[in-house]
*Asks:* 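Below are the structure tokens for one structure; questions will follow.
Letters go in sequence order (proteins before strands), and every chain restarts at 1. Since we're looking at a predicted model, the values are computed, not measured.
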There are 2 protein chains.
Amino acid sequence: MSLKHAVLAALLEGEASGYDLAKLFDAAVANFWSATPQQLYRELERLADEELVSARLVAQERRPTKRVFALTESGLRALASFTGEPPRPTAVRDDLLVKIQALDCGDPAGVRELVEERAAFSRGKLARYERLRERLLDGRGEEEYLRRAERVGPYLTLLRGRAFEEENLRWCARVLTVLAEREAARGAAEPR
Amino acid sequence: MSLKHAVLAALLEGEASGYDLAKLFDAAVANFWSATPQQLYRELERLADEELVSARLVAQERRPTKRVFALTESGLRALASFTGEPPRPTAVRDDLLVKIQALDCGDPAGVRELVEERAAFSRGKLARYERLRERLLDGRGEEEYLRRAERVGPYLTLLRGRAFEEENLRWCARVLTVLAEREAARGAAEPR
DNA sequence: TCAGCCTATTCAATTTGTTGAGTAGGTGTC
DNA sequence: GACACCTACTCAACAAATTGAATAGGCTGA
């Protein structure tokens, strides 16, 4: 039930097309929720049916016509009341962790490569987060921004996302060290 | 497709019933994947059909008979080859982050309460992780364990889970500070 | 000029995940 | 001795997510 509210929350930033949202909710970009384009188009359809968002067609030059969605009054109310409801406890669901859990029955070299790829992905995401951060701060210092800005939600979720990716990076480095040490120890014990 | 492999990975620890796995995959406990009991029973049924796990009935005294599952040779092979496949990039999906993203249109006091609850949840999870850690280390030091233990996968995923909850705790504290400062600033600006 | 990518969306099929109820005996407690 | 809770599972229905393909014009570079 959260995609619904994630979409409404995204529309707090202003009106957007399904395509715009698809970019925002892309797994490589998203900092508070992710979804595929298909999910978004369907959800927007439903939200429009419930009149939580309004839709209008915007013709463009040199581009396909798009449908632009905006929060309605009742959409805003729905979002406000959602913020007060208890969140369902979220737990880990990361493919890579399953692979690491099973690491000892698999191929160490292959796993090492996957961990390196994840680290690279995290670095890319951190770079994007940093750009978003600068856009939000817009020259102001963090403390000043957090005290005075009209909306701090997006910044606070960004901080969470950034911390998550930094932690990912540290963890990847740790895993690689451990794997390397074990390889070395194994090489010394079973020389061939 | 990952629940399948998460279940296989869990069975690396030894045979287990659906009920045992349900406890392990509980959202409040899981450190590498979570799932509901219903999902697990269905998945185990499928895995047994594919002969990736074997099932046998175990009668107990004073308790209902249980069905205990164990990895088969081909299950182990499937898991090993899974560890080499690229993981799908996982992105955030946390209800609380959506609420924080939309915080500025909601009720600050209500949100503060939710953040405090999340912090309490994280503290509980950290305590459970710490117990699991001690059980894994079994008196050995971390460095020694990581160099010599037969399986390090479970420990490495545990480290990731622990770092995640610690980060959660720090972030919750930060959010609460920001909210309090803004409340104070608002109180000073609009005294009534 | 042709391939490949970008905008912008839709349809259909399948797989996953969630929710609620139901069965059935045993244990603990006030 | 009534009520709640624990073990251990099953069935059914529904909602959400994923995957793959299709449409269709414009734009970019070799």
*Asks:* Please give, in whole Å, the distance from D/dA17 P to B/Q39 CD?
*Replies:*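 That distance rounds to 13 Å.
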*Asks:* Within this structure, what is the CZ-to-P distance between A/F25 and D/dA16, rounded to whole angstrom?
*Replies:*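 The distance from CZ of A/F25 to P of D/dA16 comes to 15 Å, rounded to the nearest Å.
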*Asks:* Round to a whole Å and report the spacing from CZ of B/R93 to C1' of D/dA17.
*Replies:*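 So the two atoms are 7 Å apart, to the nearest Å.
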*Asks:* Show me the side-chain donor-acceptor pairs of residues 171-182 of chain B shorter than 3.5 Å, one per line, residues at least two apart or across chains.
*Replies:*
from, atom 1, to, atom 2, distance (Å)
B/W171, NE1, A/L156, O, 2.9
B/R174, NH2, A/E142, OE2, 2.5
B/R174, NH2, A/E143, OE2, 3.3
B/T177, OG1, B/A173, O, 2.8
B/R182, NH1, A/L146, O, 2.9
B/R182, NH1, A/A149, O, 2.9
B/R182, NH2, A/A149, O, 2.8
B/R182, NH2, A/E150, O, 3.2

*Asks:* Suppose we screen for side-chain contact (heavy atoms from CB on, under 4.5 Å). Which residues come up paired with B/A30, at least two apart in sequence or across chains?
*Replies:*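 In terms of side-chain contact (heavy atoms from CB on, under 4.5 Å), with neighbours along the sequence ignored, B/A30 is linked to B/S34.
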*Asks:* How close or far is atom P of D/dA15 from atom NE2 of A/H5, stated in whole angstroms?
*Replies:*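 Atom NE2 in A/H5 sits about 16 Å away from atom P in D/dA15.
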*Asks:* B/F32, B/L76: one ILVMFWY side-chain cluster at the under-4.5 Å cut-off?
*Replies:*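 Per the 4.5 Å side-chain linkage, B/F32 and B/L76 are co-clustered.
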*Asks:* In this structure, how many angstroms lie between the C1' atom of C/dG17 and the CD atom of B/E43, rounded?
*Replies:*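 Rounded to whole Å, this separation is 11 Å.
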*Asks:* When the distance from CG of B/L40 to P of C/dG17 is rounded to whole Å, what number comes out?
*Replies:*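 One finds 10 Å between P of C/dG17 and CG of B/L40, rounded.
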*Asks:* When every nucleotide of nucleotides 7-15 of chain C is labelled 5' to 3' by its protein contacts under 4.0 Å (heavy atoms), B for base, S for sugar-phosphate only, - for none, what sequence of letters results?
*Replies:* BBBBB---S
*Asks:* In whole angstrom, what separates A/K4's NZ from D/dA15's P?
*Replies:*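 So the two atoms are 12 Å apart, to the nearest Å.
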*Asks:* Please, which pairs that meet ring-ring contact (aromatic ring centres under 6.0 Å, His included) have at least one residue in residues 134-158 of chain B, sequence neighbours excluded?
*Replies:*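 For residues 134-158 of chain B: B/Y145-B/Y155.
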*Asks:* Taking CZ from B/R62 and C1' from C/dA24, how many angstroms apart are they, rounded to a whole number?
*Replies:*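 Rounded to whole Å, this separation is 17 Å.
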*Asks:* Could you give all pairs that pass the ring-ring contact (aromatic ring centres under 6.0 Å, His included) test and reach residues 78-132 of chain B, with sequence neighbours left out?
*Replies:*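 Qualifying pairs: B/H5-B/F82.
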*Asks:* Mind checking side chain to side chain donor-acceptor pair (under 3.5 Å) for A/R131 and listing every partner two or more places apart, or none if nothing turns up?
*Replies:*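 Result, side chain to side chain donor-acceptor pair (under 3.5 Å) vs A/R131: none returned.
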